[in-house]
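Questions regarding the structure given below will be posed in turn.
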Protein chains: 2
Amino acid sequence: MPRPPRVSPDRILAAAAAEFAERGFAGARVDRIARRARVNKAMLYYHFGSKQALYRTLLRQTFAEAAGRLGAVASGPGTGPAKVAGAIAAFAAFIQERAFFPAIMLREVAEGGSRLDRETLAALAGVPRAFFGILAEGVARGDLRAVHPLVAYFSALSPIVFFLAADPIRQELGNTHLTKLRGLTSDEFVRQIQDAMRLSLAPHPQKR
Amino acid sequence: MPRPPRVSPDRILAAAAAEFAERGFAGARVDRIARRARVNKAMLYYHFGSKQALYRTLLRQTFAEAAGRLGAVASGPGTGPAKVAGAIAAFAAFIQERAFFPAIMLREVAEGGSRLDRETLAALAGVPRAFFGILAEGVARGDLRAVHPLVAYFSALSPIVFFLAADPIRQELGNTHLTKLRGLTSDEFVRQIQDAMRLSLAPHPQKR
DNA sequence: GTCTATACTTCGATAGAC
DNA sequence: GTCTATCGAAGTATAGAC
(Lines give C-alpha, C1' and ligand atoms only; values in the text may rest on other atoms or scores of the structure.)
Protein backbone atom coordinates (compact mmCIF):
# COMPACT_ATOMS: atom_id res chain seq x y z
CA MET A 1 0.00 0.00 0.00
CA PRO A 2 1.81 3.12 -1.20
CA ARG A 3 2.18 6.00 1.15
CA PRO A 4 0.34 9.08 -0.06
CA PRO A 5 2.92 11.18 -1.94
CA ARG A 6 3.76 14.46 -0.27
CA VAL A 7 2.94 16.36 -3.40
CA SER A 8 2.93 19.78 -1.83
CA PRO A 9 6.49 19.83 -0.55
CA ASP A 10 7.79 18.35 -3.78
CA ARG A 11 5.89 20.78 -5.94
CA ILE A 12 7.10 23.63 -3.77
CA LEU A 13 10.69 22.49 -4.11
CA ALA A 14 10.36 22.30 -7.89
CA ALA A 15 8.82 25.73 -8.05
CA ALA A 16 11.48 27.10 -5.73
CA ALA A 17 14.22 25.66 -7.91
CA ALA A 18 12.91 27.50 -10.95
CA GLU A 19 12.35 30.74 -9.09
CA PHE A 20 15.69 30.78 -7.28
CA ALA A 21 17.52 29.90 -10.49
CA GLU A 22 15.85 32.70 -12.42
CA ARG A 23 16.04 35.41 -9.80
CA GLY A 24 18.46 34.39 -7.10
CA PHE A 25 17.66 34.22 -3.42
CA ALA A 26 17.11 37.93 -2.92
CA GLY A 27 15.16 38.32 -6.14
CA ALA A 28 12.95 35.31 -5.57
CA ARG A 29 9.47 36.01 -4.27
CA VAL A 30 7.76 33.65 -1.88
CA ASP A 31 4.40 34.57 -3.38
CA ARG A 32 5.64 33.62 -6.79
CA ILE A 33 7.01 30.29 -5.61
CA ALA A 34 3.68 29.50 -4.00
CA ARG A 35 1.78 30.47 -7.11
CA ARG A 36 4.10 28.42 -9.35
CA ALA A 37 3.60 25.45 -7.05
CA ARG A 38 -0.16 26.07 -7.00
CA VAL A 39 -0.23 26.06 -3.24
CA ASN A 40 -1.19 28.69 -0.75
CA LYS A 41 1.65 30.77 0.59
CA ALA A 42 0.78 29.75 4.13
CA MET A 43 1.31 26.14 3.10
CA LEU A 44 4.81 26.95 2.03
CA TYR A 45 5.59 28.34 5.45
CA TYR A 46 3.82 25.40 7.05
CA HIS A 47 6.12 22.97 5.29
CA PHE A 48 9.40 24.85 5.21
CA GLY A 49 9.26 27.54 7.87
CA SER A 50 11.00 30.31 5.96
CA LYS A 51 12.30 31.36 2.60
CA GLN A 52 15.82 30.62 3.70
CA ALA A 53 15.01 27.18 5.06
CA LEU A 54 13.34 26.36 1.76
CA TYR A 55 16.43 27.53 -0.10
CA ARG A 56 18.76 25.47 2.04
CA THR A 57 16.64 22.37 1.75
CA LEU A 58 16.66 22.68 -2.01
CA LEU A 59 20.39 23.19 -2.25
CA ARG A 60 21.26 20.48 0.24
CA GLN A 61 19.21 17.94 -1.70
CA THR A 62 20.60 19.05 -5.03
CA PHE A 63 24.23 19.12 -3.96
CA ALA A 64 23.90 15.78 -2.22
CA GLU A 65 22.51 14.16 -5.32
CA ALA A 66 25.17 15.67 -7.57
CA ALA A 67 27.87 14.47 -5.19
CA GLY A 68 26.24 11.06 -5.10
CA ARG A 69 26.36 10.72 -8.87
CA LEU A 70 30.02 11.66 -9.02
CA GLY A 71 30.74 9.44 -6.06
CA ALA A 72 29.20 6.51 -7.89
CA VAL A 73 31.56 7.09 -10.80
CA ALA A 74 34.50 7.47 -8.45
CA SER A 75 33.87 4.20 -6.65
CA GLY A 76 32.96 2.33 -9.81
CA PRO A 77 35.24 0.44 -12.19
CA GLY A 78 37.36 1.86 -15.00
CA THR A 79 40.69 3.44 -15.78
CA GLY A 80 41.53 6.95 -14.63
CA PRO A 81 40.83 8.59 -17.99
CA ALA A 82 37.57 6.69 -18.32
CA LYS A 83 36.44 7.76 -14.90
CA VAL A 84 37.26 11.39 -15.59
CA ALA A 85 35.20 11.20 -18.77
CA GLY A 86 32.47 9.41 -16.84
CA ALA A 87 32.43 12.05 -14.13
CA ILE A 88 32.11 14.80 -16.72
CA ALA A 89 29.29 12.91 -18.42
CA ALA A 90 27.52 12.24 -15.13
CA PHE A 91 27.79 15.86 -14.14
CA ALA A 92 26.47 17.05 -17.50
CA ALA A 93 23.63 14.55 -17.37
CA PHE A 94 22.69 15.67 -13.89
CA ILE A 95 22.59 19.26 -15.04
CA GLN A 96 20.41 18.44 -17.96
CA GLU A 97 17.90 16.73 -15.72
CA ARG A 98 17.95 19.73 -13.42
CA ALA A 99 18.09 22.69 -15.71
CA PHE A 100 17.98 25.05 -12.76
CA PHE A 101 21.28 23.80 -11.39
CA PRO A 102 23.82 25.87 -13.37
CA ALA A 103 22.23 29.19 -12.51
CA ILE A 104 21.96 28.34 -8.84
CA MET A 105 25.52 27.09 -8.78
CA LEU A 106 26.78 30.28 -10.37
CA ARG A 107 24.84 32.42 -7.96
CA GLU A 108 25.96 30.50 -4.93
CA VAL A 109 29.60 30.73 -5.91
CA ALA A 110 29.18 34.46 -6.48
CA GLU A 111 27.60 34.69 -3.05
CA GLY A 112 30.57 32.99 -1.45
CA GLY A 113 28.31 30.40 0.12
CA SER A 114 27.37 32.98 2.70
CA ARG A 115 23.82 31.74 2.89
CA LEU A 116 24.62 28.06 3.34
CA ASP A 117 24.67 26.26 6.65
CA ARG A 118 27.31 23.76 7.58
CA GLU A 119 25.35 20.77 6.39
CA THR A 120 24.66 22.27 2.98
CA LEU A 121 28.27 23.28 2.58
CA ALA A 122 29.27 19.73 3.41
CA ALA A 123 26.97 18.44 0.67
CA LEU A 124 28.49 20.90 -1.77
CA ALA A 125 31.98 19.83 -0.82
CA GLY A 126 31.11 16.28 -1.83
CA VAL A 127 31.23 17.25 -5.50
CA PRO A 128 34.90 18.23 -5.70
CA ARG A 129 35.79 15.52 -3.21
CA ALA A 130 34.48 12.82 -5.54
CA PHE A 131 36.35 14.34 -8.45
CA PHE A 132 39.57 14.60 -6.46
CA GLY A 133 39.23 10.94 -5.53
CA ILE A 134 39.20 9.96 -9.18
CA LEU A 135 42.26 12.07 -9.87
CA ALA A 136 44.22 10.70 -6.93
CA GLU A 137 43.44 7.12 -7.85
CA GLY A 138 44.50 7.69 -11.45
CA VAL A 139 47.72 9.38 -10.43
CA ALA A 140 48.53 6.56 -8.01
CA ARG A 141 47.89 4.05 -10.74
CA GLY A 142 49.88 6.03 -13.23
CA ASP A 143 47.24 6.56 -15.87
CA LEU A 144 46.64 10.23 -15.04
CA ARG A 145 49.11 13.04 -14.94
CA ALA A 146 49.50 14.81 -11.58
CA VAL A 147 48.12 18.25 -12.29
CA HIS A 148 46.79 20.27 -9.38
CA PRO A 149 43.35 18.85 -8.59
CA LEU A 150 41.75 22.29 -8.48
CA VAL A 151 42.95 23.03 -11.98
CA ALA A 152 41.52 19.78 -13.31
CA TYR A 153 38.29 20.26 -11.40
CA PHE A 154 37.66 23.77 -12.63
CA SER A 155 38.84 22.98 -16.14
CA ALA A 156 36.42 20.10 -16.43
CA LEU A 157 33.28 21.33 -14.73
CA SER A 158 33.17 25.09 -14.89
CA PRO A 159 33.01 25.31 -18.70
CA ILE A 160 30.03 23.00 -18.62
CA VAL A 161 28.22 24.98 -15.95
CA PHE A 162 29.01 28.20 -17.72
CA PHE A 163 28.12 27.01 -21.19
CA LEU A 164 24.77 25.66 -20.10
CA ALA A 165 23.96 28.59 -17.88
CA ALA A 166 24.88 31.03 -20.63
CA ASP A 167 22.42 29.56 -23.08
CA PRO A 168 19.80 32.30 -22.56
CA ILE A 169 22.34 35.06 -22.94
CA ARG A 170 23.72 33.45 -26.10
CA GLN A 171 20.21 33.34 -27.49
CA GLU A 172 19.80 36.99 -26.74
CA LEU A 173 23.10 37.99 -28.28
CA GLY A 174 22.33 35.87 -31.31
CA ASN A 175 18.90 37.36 -31.70
CA THR A 176 20.12 40.91 -31.67
CA HIS A 177 22.75 39.97 -34.25
CA LEU A 178 25.62 40.97 -32.05
CA THR A 179 27.38 37.75 -32.82
CA LYS A 180 27.02 34.84 -35.17
CA LEU A 181 28.22 31.34 -34.60
CA ARG A 182 27.61 27.87 -35.84
CA GLY A 183 25.36 26.12 -33.38
CA LEU A 184 26.84 23.76 -30.84
CA THR A 185 24.72 21.28 -28.96
CA SER A 186 25.29 20.58 -25.30
CA ASP A 187 26.29 17.02 -26.10
CA GLU A 188 28.93 18.14 -28.56
CA PHE A 189 30.23 20.63 -26.07
CA VAL A 190 30.50 18.02 -23.33
CA ARG A 191 32.29 15.63 -25.65
CA GLN A 192 34.84 18.26 -26.52
CA ILE A 193 35.49 19.00 -22.88
CA GLN A 194 36.00 15.30 -22.30
CA ASP A 195 38.53 15.23 -25.13
CA ALA A 196 40.33 18.28 -23.81
CA MET A 197 40.60 16.71 -20.37
CA ARG A 198 41.80 13.44 -21.79
CA LEU A 199 44.57 15.31 -23.56
CA SER A 200 45.60 17.48 -20.66
CA LEU A 201 45.56 14.63 -18.14
CA ALA A 202 47.34 12.05 -20.29
CA PRO A 203 50.45 10.87 -18.43
CA HIS A 204 52.55 10.84 -21.60
CA PRO A 205 52.45 12.79 -24.84
CA GLN A 206 50.07 11.05 -27.16
CA LYS A 207 48.85 11.05 -30.71
CA ARG A 208 45.75 12.96 -31.56
CA MET B 1 44.03 73.45 -15.94
CA PRO B 2 42.63 70.09 -14.84
CA ARG B 3 38.92 69.65 -14.74
CA PRO B 4 37.69 69.03 -11.21
CA PRO B 5 37.44 65.24 -10.85
CA ARG B 6 33.88 63.94 -10.53
CA VAL B 7 34.68 62.14 -7.35
CA SER B 8 31.11 61.40 -6.36
CA PRO B 9 30.10 59.41 -9.43
CA ASP B 10 33.35 57.49 -9.37
CA ARG B 11 33.10 56.68 -5.70
CA ILE B 12 29.49 55.63 -6.20
CA LEU B 13 30.48 53.33 -9.04
CA ALA B 14 33.20 51.75 -6.94
CA ALA B 15 30.82 51.23 -4.04
CA ALA B 16 28.17 49.85 -6.37
CA ALA B 17 30.64 47.39 -7.83
CA ALA B 18 31.40 45.98 -4.41
CA GLU B 19 27.78 45.88 -3.32
CA PHE B 20 26.43 44.33 -6.53
CA ALA B 21 29.22 41.76 -6.54
CA GLU B 22 28.52 40.73 -2.96
CA ARG B 23 24.75 40.71 -3.07
CA GLY B 24 23.58 40.78 -6.66
CA PHE B 25 21.23 43.34 -8.14
CA ALA B 26 18.19 42.31 -6.13
CA GLY B 27 20.15 41.90 -2.92
CA ALA B 28 22.02 45.17 -3.26
CA ARG B 29 20.70 48.09 -1.21
CA VAL B 30 20.84 51.61 -2.50
CA ASP B 31 21.30 52.91 1.03
CA ARG B 32 24.28 50.68 1.51
CA ILE B 33 25.88 51.77 -1.75
CA ALA B 34 25.45 55.39 -0.74
CA ARG B 35 26.92 54.75 2.68
CA ARG B 36 29.88 52.83 1.23
CA ALA B 37 30.52 55.69 -1.16
CA ARG B 38 30.11 58.19 1.69
CA VAL B 39 27.55 60.18 -0.26
CA ASN B 40 23.95 60.98 0.42
CA LYS B 41 21.45 58.65 -1.16
CA ALA B 42 19.82 61.56 -2.93
CA MET B 43 23.14 62.28 -4.59
CA LEU B 44 23.18 58.80 -5.98
CA TYR B 45 19.82 59.36 -7.60
CA TYR B 46 20.92 62.78 -8.74
CA HIS B 47 23.83 61.28 -10.64
CA PHE B 48 22.42 58.00 -11.85
CA GLY B 49 18.65 58.24 -11.76
CA SER B 50 17.86 54.76 -10.53
CA LYS B 51 19.36 51.61 -9.10
CA GLN B 52 19.05 49.93 -12.46
CA ALA B 53 20.67 52.76 -14.39
CA LEU B 54 23.57 52.66 -11.95
CA TYR B 55 23.89 48.94 -12.47
CA ARG B 56 23.89 49.24 -16.23
CA THR B 57 26.41 52.03 -16.22
CA LEU B 58 28.75 49.97 -14.09
CA LEU B 59 28.43 46.89 -16.25
CA ARG B 60 28.70 48.75 -19.53
CA GLN B 61 31.94 50.40 -18.43
CA THR B 62 33.35 47.18 -17.06
CA PHE B 63 32.48 45.05 -20.06
CA ALA B 64 33.74 47.67 -22.45
CA GLU B 65 37.07 47.85 -20.71
CA ALA B 66 37.43 44.07 -20.58
CA ALA B 67 36.62 43.84 -24.27
CA GLY B 68 39.10 46.61 -24.95
CA ARG B 69 41.91 44.76 -23.24
CA LEU B 70 41.23 41.58 -25.16
CA GLY B 71 40.81 43.55 -28.35
CA ALA B 72 44.26 45.07 -27.85
CA VAL B 73 45.75 41.60 -27.62
CA ALA B 74 43.80 40.48 -30.67
CA SER B 75 44.97 43.33 -32.86
CA GLY B 76 48.51 43.23 -31.54
CA PRO B 77 51.44 41.19 -32.81
CA GLY B 78 52.26 37.56 -32.08
CA THR B 79 51.56 34.00 -33.10
CA GLY B 80 48.17 32.40 -32.46
CA PRO B 81 49.29 30.46 -29.40
CA ALA B 82 51.01 33.52 -28.00
CA LYS B 83 47.92 35.62 -28.46
CA VAL B 84 45.72 33.04 -26.79
CA ALA B 85 48.07 33.00 -23.82
CA GLY B 86 48.14 36.78 -23.91
CA ALA B 87 44.36 37.01 -23.93
CA ILE B 88 44.13 34.71 -20.94
CA ALA B 89 46.74 36.74 -19.11
CA ALA B 90 45.05 40.02 -19.98
CA PHE B 91 41.70 38.70 -18.81
CA ALA B 92 43.16 37.42 -15.55
CA ALA B 93 44.98 40.68 -14.96
CA PHE B 94 41.81 42.63 -15.58
CA ILE B 95 39.96 40.51 -13.06
CA GLN B 96 42.61 40.99 -10.46
CA GLU B 97 42.40 44.74 -10.81
CA ARG B 98 38.63 44.54 -10.51
CA ALA B 99 38.02 41.93 -7.89
CA PHE B 100 34.29 42.46 -8.18
CA PHE B 101 34.19 41.31 -11.77
CA PRO B 102 33.95 37.50 -11.39
CA ALA B 103 30.97 37.60 -9.05
CA ILE B 104 29.11 40.07 -11.23
CA MET B 105 29.90 38.05 -14.32
CA LEU B 106 28.61 34.88 -12.70
CA ARG B 107 25.45 36.57 -11.55
CA GLU B 108 24.77 38.17 -14.89
CA VAL B 109 25.17 34.89 -16.73
CA ALA B 110 22.83 33.25 -14.25
CA GLU B 111 20.39 36.05 -14.85
CA GLY B 112 20.44 35.44 -18.57
CA GLY B 113 21.31 39.06 -19.19
CA SER B 114 17.70 39.92 -18.57
CA ARG B 115 18.58 43.17 -16.90
CA LEU B 116 20.95 44.47 -19.56
CA ASP B 117 20.01 46.93 -22.26
CA ARG B 118 21.14 46.57 -25.81
CA GLU B 119 24.18 48.75 -25.41
CA THR B 120 25.43 46.87 -22.38
CA LEU B 121 24.86 43.56 -24.11
CA ALA B 122 26.86 44.85 -27.04
CA ALA B 123 29.73 45.72 -24.70
CA LEU B 124 29.57 42.25 -23.18
CA ALA B 125 29.60 40.66 -26.62
CA GLY B 126 32.90 42.37 -27.31
CA VAL B 127 34.70 39.98 -24.96
CA PRO B 128 34.03 36.76 -26.85
CA ARG B 129 34.31 38.59 -30.14
CA ALA B 130 37.89 39.57 -29.45
CA PHE B 131 38.70 36.04 -28.39
CA PHE B 132 37.08 34.59 -31.50
CA GLY B 133 39.13 36.94 -33.63
CA ILE B 134 42.35 35.55 -32.20
CA LEU B 135 41.19 32.01 -32.84
CA ALA B 136 40.13 32.68 -36.42
CA GLU B 137 43.39 34.39 -37.25
CA GLY B 138 45.39 31.52 -35.80
CA VAL B 139 43.37 28.93 -37.64
CA ALA B 140 43.77 30.82 -40.91
CA ARG B 141 47.49 31.06 -40.35
CA GLY B 142 47.67 27.41 -39.38
CA ASP B 143 49.14 27.77 -35.91
CA LEU B 144 45.93 26.99 -34.06
CA ARG B 145 43.74 23.95 -34.34
CA ALA B 146 40.16 24.60 -35.47
CA VAL B 147 38.16 23.70 -32.40
CA HIS B 148 34.74 25.26 -31.98
CA PRO B 149 35.31 28.83 -30.77
CA LEU B 150 32.77 28.50 -28.00
CA VAL B 151 34.59 25.50 -26.60
CA ALA B 152 37.90 27.33 -26.59
CA TYR B 153 36.33 30.45 -25.14
CA PHE B 154 34.61 28.70 -22.27
CA SER B 155 37.56 26.40 -21.64
CA ALA B 156 39.92 29.31 -21.32
CA LEU B 157 37.96 31.92 -19.42
CA SER B 158 35.31 30.22 -17.34
CA PRO B 159 37.76 28.29 -15.14
CA ILE B 160 39.47 31.57 -14.33
CA VAL B 161 36.25 33.35 -13.49
CA PHE B 162 35.08 30.42 -11.43
CA PHE B 163 38.33 29.84 -9.62
CA LEU B 164 38.68 33.46 -8.60
CA ALA B 165 35.03 33.87 -7.72
CA ALA B 166 35.09 30.69 -5.67
CA ASP B 167 37.90 31.89 -3.46
CA PRO B 168 35.62 32.83 -0.53
CA ILE B 169 33.78 29.55 -0.66
CA ARG B 170 37.08 27.66 -0.78
CA GLN B 171 38.21 29.53 2.30
CA GLU B 172 35.02 28.56 4.06
CA LEU B 173 35.27 24.92 3.11
CA GLY B 174 38.90 24.87 4.12
CA ASN B 175 38.18 26.51 7.44
CA THR B 176 35.51 24.04 8.40
CA HIS B 177 37.88 21.20 7.49
CA LEU B 178 35.60 19.81 4.87
CA THR B 179 38.42 19.60 2.41
CA LYS B 180 42.16 19.95 2.43
CA LEU B 181 44.32 20.95 -0.49
CA ARG B 182 47.70 22.33 -1.19
CA GLY B 183 47.37 26.03 -1.84
CA LEU B 184 47.32 27.30 -5.37
CA THR B 185 47.91 30.93 -6.21
CA SER B 186 45.91 32.70 -8.85
CA ASP B 187 49.02 33.16 -10.94
CA GLU B 188 49.83 29.47 -10.88
CA PHE B 189 46.27 28.67 -11.78
CA VAL B 190 46.31 31.04 -14.74
CA ARG B 191 49.58 29.64 -15.98
CA GLN B 192 48.20 26.13 -15.89
CA ILE B 193 45.15 27.18 -17.86
CA GLN B 194 47.44 28.77 -20.42
CA ASP B 195 49.34 25.51 -20.69
CA ALA B 196 46.18 23.49 -21.06
CA MET B 197 44.97 25.75 -23.83
CA ARG B 198 48.30 25.61 -25.60
CA LEU B 199 48.05 21.84 -25.58
CA SER B 200 44.48 21.59 -26.68
CA LEU B 201 44.84 24.20 -29.43
CA ALA B 202 48.14 22.96 -30.85
CA PRO B 203 47.66 22.16 -34.55
CA HIS B 204 49.78 19.00 -34.28
CA PRO B 205 50.57 16.55 -31.52
CA GLN B 206 53.52 17.89 -29.60
CA LYS B 207 55.96 16.99 -26.91
CA ARG B 208 55.25 17.99 -23.40
C1' DG C 1 -3.62 20.56 6.28
C1' DT C 2 -5.69 24.68 4.06
C1' DC C 3 -7.10 29.42 3.53
C1' DT C 4 -7.94 34.74 4.30
C1' DA C 5 -6.55 38.73 6.10
C1' DT C 6 -3.18 41.43 7.83
C1' DA C 7 0.80 42.90 10.76
C1' DC C 8 5.36 44.53 10.33
C1' DT C 9 9.45 45.77 7.84
C1' DT C 10 12.32 47.17 4.29
C1' DC C 11 13.38 49.50 0.28
C1' DG C 12 13.44 52.42 -3.93
C1' DA C 13 12.47 56.81 -4.98
C1' DT C 14 11.23 61.82 -4.50
C1' DA C 15 9.82 66.38 -2.64
C1' DG C 16 11.54 70.43 -1.34
C1' DA C 17 14.69 73.38 1.50
C1' DC C 18 19.32 75.21 1.19
C1' DG D 1 25.18 69.93 -5.80
C1' DT D 2 23.74 68.50 -1.13
C1' DC D 3 20.72 67.18 2.57
C1' DT D 4 16.42 65.72 5.59
C1' DA D 5 12.26 63.76 5.77
C1' DT D 6 9.01 60.86 4.06
C1' DC D 7 5.84 58.50 0.77
C1' DG D 8 4.14 54.39 -1.20
C1' DA D 9 4.98 49.89 -2.90
C1' DA D 10 6.39 45.44 -2.12
C1' DG D 11 7.86 41.81 0.62
C1' DT D 12 8.26 38.16 4.51
C1' DA D 13 5.86 36.18 7.81
C1' DT D 14 1.98 35.01 11.01
C1' DA D 15 -2.58 34.91 13.40
C1' DG D 16 -6.50 32.54 13.54
C1' DA D 17 -10.74 30.44 11.42
C1' DC D 18 -12.02 26.11 9.31
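A, B, ... follow the sequence lines: proteins, then strands. Residue 1 opens every chain. Note that this is a predicted model, so its numbers are computed, not measured.
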Practice item. Might you point out which heavy atoms bring B/Ala28 and B/Lys51 nearest each other, and give the distance in Å? Key: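 Result for this residue pair: O-NZ, 2.9 Å.
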Exercise for review: Could you pick out which residue, B/Tyr46 or A/Gln52, lies toward the 5' side of DNA chain D when each is mapped onto its nearest nucleotide?
Suggested key: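 Its nearest nucleotide lies further toward 5', so the answer is B/Tyr46.
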Review point. Between A/Tyr55 and A/Phe20, is the gap from one ring center to the other below 6.0 Å?
Key: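 Ring centroids of A/Tyr55 and A/Phe20 are less than 6.0 Å from each other.
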Exercise for review: Check every atom of D/dA13, D/dA15, D/dT6 against the side chain of A/Tyr45 and return the nucleotide holding the closest atom.
Suggested key: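 Closest nucleotide among those given: D/dA13.
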Exercise for review: Identify whether the distance between the nearest side-chain nitrogen and carboxylate oxygen of B/Arg69 and B/Glu97 falls below 4.0 Å.
Suggested key: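 Salt bridge: yes.
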Point to revise | Whole angstrom value for the distance that separates C1' of D/dT12 from CE of A/Met43 | key: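 My rounded result for the distance is 18 Å.
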Review point. Should A/Glu137 and A/Arg141 count as an ion pair when the cut-off is N to O under 4.0 Å?
Key: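 Yes.
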Point to revise | 5' to 3' contact window, DNA chain C with chain A (heavy-atom distance under 4.0 Å) | key: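 Using the under 4.0 Å cut-off, the span is C/dG1 to C/dT4.
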Check your understanding: Does any residue of residues 24-38 of chain A have a heavy atom under 4.0 Å from DNA chain D, and if so, which ones, in number order?
Key ->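 The stretch gives A/Ala28, A/Arg29, A/Val30, A/Asp31 as the residues lying under 4.0 Å from the strand, ordered by number.
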Practice item. Taking all heavy atoms of B/Ala90 and all of B/Val73, pick out the closest pair and write down the distance. Key: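 Between these two residues, the closest heavy atoms are CB-CG2, 3.9 Å.
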**Study point:** Basic-acidic side-chain contact under 4.0 Å: A/Asp31, A/Arg29
**Key:**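 No salt bridge links A/Asp31 with A/Arg29.
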Review point. In terms of ring plane angle, is the pair A/Phe162 and B/Phe154 parallel, tilted or perpendicular, where the classes change at 30° and 60°?
Key: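 Because their plane-to-plane angle lies in the 30° to 60° range, the rings of A/Phe162 and B/Phe154 count as tilted.
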**Study point:** Any side-chain donor near an acceptor of the partner, A/Gln194 and A/Arg198, under 3.5 Å
**Key:**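 Side-chain D/A pair, A/Gln194 to A/Arg198: absent.
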